[in-house]
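Convention: sequence-line order gives letters A, B, ...; per-chain numbering from 1.
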Protein chains: 2
Amino acid sequence: MRNISQRIGRSASGELVKDPTRLVETYPKVPLTVDCVLFGFEENVLKVLLIRSDLQVFDGLWSLLGDNVLDNEELDDAANRILKERTGMSDIYLEQVRSFSHPARHPGGRVITVAYCSLINIQHHQLKILDHELHWHDVQSLTQMAFDHFEILTYCNQWLQKRIQEHPLGFNLLPEKFSMRELQNLYEAILNQQLDRRNFRKKFASMGLLIDVNEIENDVPHRPGKLYKFNFEKYEKNKRNWIGIDF
Amino acid sequence: MRNISQRIGRSASGELVKDPTRLVETYPKVPLTVDCVLFGFEENVLKVLLIRSDLQVFDGLWSLLGDNVLDNEELDDAANRILKERTGMSDIYLEQVRSFSHPARHPGGRVITVAYCSLINIQHHQLKILDHELHWHDVQSLTQMAFDHFEILTYCNQWLQKRIQEHPLGFNLLPEKFSMRELQNLYEAILNQQLDRRNFRKKFASMGLLIDVNEIENDVPHRPGKLYKFNFEKYEKNKRNWIGIDF
DNA sequence: TTTAATATGTGTAAAAAATACACATCAATG
DNA sequence: CATTGATGTGTATTTTTTACACATATTAAA
């Protein structure tokens, strides 16, 4: 093991490094991938888009949609590329969640991966299905996956549960015009928890971020609900920076 | 550019991969570092531990404490190693925040870094000062740093502001026994905001997580305050999983 | 056309939490 | 012993959260 001075890139004599390129060439290199946790919402159930693992050791198991990071490609770009390749969609909510680096997480050797979360309206996209290996899975029914992907999925699911309570991500999973019931179903699916209908509506009403479009549902076998749009402009203007110690 | 099937590691014929090691060998490799944002607290000011950059292009600028990730080293381990090397401390709060991957973020070429945050009690450790290049900096007074480290610091600072309101991190920055004033000073320094004294105390009192140790300050030039310990055991038992849509 | 089924739309009372705000007390200093 | 400077405490007000029930609109079936 080199000593500290060398490892942090400082010469022992204390003089400045003039050629950073040569310095970087001395760094160990690691295979790096991005794994996308693509969440969707269908039939009031939270889904995740998975592919059957192509590794024999994981025969029959499902895995997240991942790929190598290309040379000089930003991680965000890699994630967007995967999303585009699989769903045909761009300009979609997509966010880095965290890295996973256990040395034995990949059976082929050391591979570090960065997990990204995305929320996709299942209706709005055409899956780029190369074969029958791509599938929307119920999140709740999964128990085992290839690699450490179940751990990653679990982490991202919890991350999403927290995130959706503080940011209006959910609207990406809904049609542009949606009913209160659809919105509540979405929150209940993601939070995996029943919510009080009146208080839920009251909460969103008090935020003043829903626009009543003066239309009603037309394909339901019961009294139709009113339709709303989310007021993204108003939200962006008034983003709060909250103070509230709470643990 | 290879086609999708190849890039995701699947053979064109659709058969399973039997040798994952050979597969991984085909992945591009990237130099990977960890940068630690070591926050401290002294004289009621939030500080960050920085080192003077050793690159000539950044002459005079300060940078975070970073290092390469070693072969088969977990990212968490790399961060802990850096922390240990610099401060002599282990078993310290340390958490991954996010990765930064702009292709031009390092003048020596493509280097991806993973940022970690740590909170250190400045009194409790001995800086491993090799020379005079290591320094506790006021966070508020920084405007420019080497690499993208100012961006990383800003991100971590915001991350910390949010985190400390939901998790009891702050106690790592205080002595084991502390006064309410010290606790409030800490929150005010991190949140960069004045807080109402009575409401602050009421808030912490209502959480029931502070243990009155029946001692008082003895080195202050005014009426001494009572000292408290944080009840970590009780906190661990009662960790809340909160529901509260709010944006 | 009537009835049953089902989901929508709405309000209020009670409890809990957040906020604003003032004065007596204690210890040290001169 | 008076001054200085911080501690310790309570209450009234407002806001937010929670629990909870009934009339209404539409479809589908009788």
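Within the 4.5 Å cutoff, the side chain of B/I164 has heavy atoms near those of the B/L191 side chain. Residues A/M180 and A/R197 fail the side-chain proximity criterion, which asks for heavy atoms closer than 4.5 Å. In this structure, the side chains of B/L160 and B/L119 come closer than 4.5 Å at one or more pairs of heavy atoms. The side-chain heavy atoms of B/W62 and B/H135, taken from C-beta on, include a pair separated by under 4.5 Å.
C/dT8 atom P lies 11 Å from atom OH of A/Y228, rounded to whole Å. The distance from atom CE of B/M180 to atom P of D/dT7 is 11 Å, rounded to the nearest whole Å. Separating the CD atom of B/Q194 from the P atom of C/dT19 is a distance of 15 Å, rounded to the nearest angstrom. With rounding to whole Å, A/K226 atom NZ is found 9 Å from C/dG9 atom C1'. Atom-to-atom, CD of A/Q184 to P of C/dT8 comes out at 9 Å; the value is rounded to the nearest Å. What separates CZ of A/R181 from P of C/dT6 is a distance of 14 Å, to the nearest Å. D/dT16 atom P lies 16 Å from atom CZ of A/F204, rounded to whole Å. A/L227 places its CG atom 17 Å from the P atom of C/dA7, with the value rounded to the nearest Å.
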Nucleotides 20-30 of chain C: protein proximity per nucleotide (B base, S sugar-phosphate only, - neither; heavy atom, under 4.0 Å): BBB--BBS---

For residues 221-234 of chain A, which side-chain donor-acceptor pairs fall under 3.5 Å, sequence neighbours excluded?
unit_1 : atom_1 : unit_2 : atom_2 : d
A/K226 : NZ     : A/D212 : OD2    : 3.0
A/N231 : OD1    : A/K234 : N      : 3.1
A/K234 : NZ     : A/G208 : O      : 2.9

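Residue A/R201 places none of its side-chain N or O atoms closer than 4.0 Å to OP1 or OP2 of C/dT10.
Taking the ring axis of A/F100 as reference, the NZ or CZ atom of A/R105 does not stay both within 45° of it and closer than 6.0 Å to the ring centre.
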